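Some notes on the structure that comes next.
Excluded from the calculations below are hydrogen atoms, water molecules and symmetry mates; all remaining heavy atoms, backbone and side chain alike, are included. Everything numeric in this text was worked out from a predicted model, so none of it was measured.
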Amino acid sequence: MNSSATLVASPATIAWNKVKTFFSKPYNVILLLLGIVLTVTTVAPIVAIVEDTFKIHAGTIDAHLTKQATGWTVVNYTDLFTSKLAKANLWKPLCNTVLLSVGTCVVSILYGGIFAFLITRTNLAWRQYLSSIFIFPYIMPQWTLAVVWQNLFYSTKITGTSDGLLASLFHIYMPKWFCQGLFPSLMVLGLHYAPFAYILIGGIFRNMDANLEEAATILDTPKRRIMFRITLPMVKPAILSTILLVFGSAMGSYPVPHYMQLTTLSTKYVSMNSKYTGEASILAIIMMVFGIAIMLLNQLSLTSRKSYTTVTGKSGQISKINLGAAKYVLAIILVILTFFTSIFPIISFAFETFLPNPGDYSFLYTGNVNNLTTKWWLTSENVTEQGMYGQKGILYNAEIWKAFGGTLWVSVCCALVAGTIGTLVGYAVAKQRRSKWANYVNSVAFLPYLMPSIAVGAALFVLFSSESVRLYNTYTGLIVAGTIKYIPFASRSSLNSMLQLSGEIEEAAIIQDIPWIKRMTRIIIPIQKSSIISGYLLPFMTCLRELSLFMLLCGQSRILSTMLDYFDEMGLYAFSSGINLLLIITILVFNTIVNKVTGASLDKGIGG
């Protein structure tokens with residue numbers, strides 16, 4: 001009896017053994033540490049901006065209304081919601097923002113979804129080319145198509161700006177609603193996010209179980225009924241995911257509404273931030289509430305969604321719809337559409353940098369190349385050349401190349417940090433996917449993506465401008481902001497790839513007593529290198545062209561996107577077009593290099 005009694009461990013020993021066992025598993029340590037870090041980096045900016053709405057800011061409207069220079073007040077809320085300016089400062093921008101987000105979802109899903117169906121389910125001609133070129137607008141900066149829209153449709157007669165191509169060459173003047181406001185904004189954003197819908201919906205179309213439609217065909221079900229009762233319901237999850245993600249992204253867009261002269265919550269925030277600081281912070285909180293609501297809807301859809309099994313163990317080859325002669329007609333139409341959304345922007349920006357003045361397309365109808373100029377590229381001094389506001393040409397402009405170097409530095413650092421953290425989050429969550437803490441870490445890592453970029457930037461602006469942090473206008477601040485915003489790219493990519501791996505693979509290595517670092521670098525990462533590299537590539541590409549997130553966090557000469565915005569405000573459109581061209585070429589070159597070296601591609605496996 002005594003010998004058996006000595007085998008009973010004390011409660012303290014049992015607890016200590018449980019702690020040691022818990023921390024002996026690397027994924028538990030990762031979840032604990034990253035859960036704490038991600039909570040702080042996500043919650044701290046939100047707390048800072050909520051606090052900012054109650055502060056009195058010297059020299060702003062709240063100081064005027066309260067007659068105080070410091071302290072706390074709720075006057076920002078009462079003034080924003082109830083004053084005579086409430087309609088102009090809140091309700092109209094909010095209405096425009098919701099309409100813009102809904103319209104963007106409709107355009108992107110219709111265009112991207114139809115394109116995905118034609119590529120994956122029909123014998124459309126030139127599918128591989130169309131699949132590759134279709135994703136260009138998503139790779140390019142968000143404002144690219146907005147500038148192209150201006151270059152095509154603006155006119156002195158209607159918009160009061162320099163003439164675009166249609167007005168200059170053909171004397172065609174588009175109405176103002178077509179040139180500025182809600183319609184062009186939702187069209188531009190819809191075309192920008194259509195590749196996103198194409199990637200999500202096309203993936204399901206391609207992997208769909210052929211038995212479902214074959215069974216309906218055997219039962220002599222009309223093709224129209226098969227489409228609406230079988231095919232479309234199967235892509236519901238992809239459509240819902242597209243709506244949730246595109247809605248949040250469109251809501252936080254600043255460049256497109258700014259270029260298209262549409263007042264939204266994001267543009268109103270920027271215009272109000274100097275004199276109505278507290279009220280501007282409330283606008284950012286409203287956008288954040290939409291982001292949190294989107295996350296809750298996503299969680300609800302995951303828990304309540306019906307089963308949509310699209311891939312089974314036994315499936316026949318999907319029979320593609322024969323379009324007949326229409327396969328060439330439709331292909332030609334799509335080639336023309338993709339030319340204007342993917343190739344024409346590059347040509348347009350290149351031409352803009354050789355025009356002597358904005359809208360001067362005289363060389364096209366005179367055939368005289370002397371009407372072109374290289375001054376925007378080759379001017380090596382800033383004294384004698386007129387109309388350049390003291391700027392040197394792009395090739396000799398040290399400020400532009402410094403901003404280009406800063407952009408690359410921020411993008412590389414964001415990609416490395418966000419990619420590594422996201423990969424670890426995906427690995428740990430996949431290992432403990434039934435754990436509530438793992439689900440919490442997964443949700444808090446994904447939340448910044450669902451929040452509008454301008455709202456995240458606003459929250460971080462308040463935090464970074466405080467006396468205790470002081471990261472405003474520093475590369476460190478931009479890297480922190482980019483990392484927080486882009487971790488979801490890597491975490492989702494990593495999680496999806498890790499869930500495909502059988503646990504037996506790592507267990508076999510554990511039995512061989514192989515250390516965790518070696519298991520990751522020699523087994524897990526090489527197996528899923530394509531998905532993991534995508535987790536590094538997406539933050540890099542997105543960071544190169546980011547404006548909404550960074551514009552509040554640094555001066556206008558820090559990175560290329562903010563410098564482009566500065567030149568556009570100054571009316572130096574040749575410089576802004578040149579920077580656009582430089583960004584697009586950089587993104588395409590890096591994307592091509594990664595595709596050739598690793599085989600990772602956004603459209604890989606969809607249009608093959």
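Side-chain contact between Gln150 and Tyr573: absent, with no pair of heavy atoms (C-beta onward) separated by less than 4.5 Å. At a threshold of 4.5 Å between non-hydrogen side-chain atoms, the residues Tyr276 and Thr60 do not count as touching. Proximity of Ile484 to Leu460: side-chain heavy atoms (C-beta onward) are separated by under 4.5 Å at one or more points. The side-chain heavy atoms of Thr156 and Thr161, taken from C-beta on, include no pair separated by under 4.5 Å. Taking 4.5 Å as the limit, every side-chain heavy atom of Val148 sits out of range of all side-chain heavy atoms of Thr341. Residues His258 and Asp565 form a side-chain contact, since some pair of their non-hydrogen atoms from C-beta on lies under 4.5 Å apart.
From Asn76, atom CG reaches atom CZ of Phe81 across 11.0 Å, with rounding to the nearest 0.5 Å. Here the straight-line distance linking atom CG of Leu186 with atom OG of Ser253 works out to 11.5 Å at 0.5 Å rounding.
Under the 6.0 Å distance and 45° angle rule, Arg545 counts as a cation-pi partner of Tyr138.
Here the two rings, on Phe340 and Trp149, have centers that are 6.0 Å apart or farther. Aromatic pair Phe54/Trp72: centroids not less than 6.0 angstrom apart.
Ring-plane geometry between Tyr111 and Phe115 is classed as perpendicular, the angle between the planes exceeding 60 degrees on a 0 to 90 degree scale with a lower cut at 30.
Partner of Leu478 under the side chain to side chain contact (heavy atoms under 4.5 Å, CB included) criterion, out of Thr407, Leu553, Thr483: Leu553 alone.
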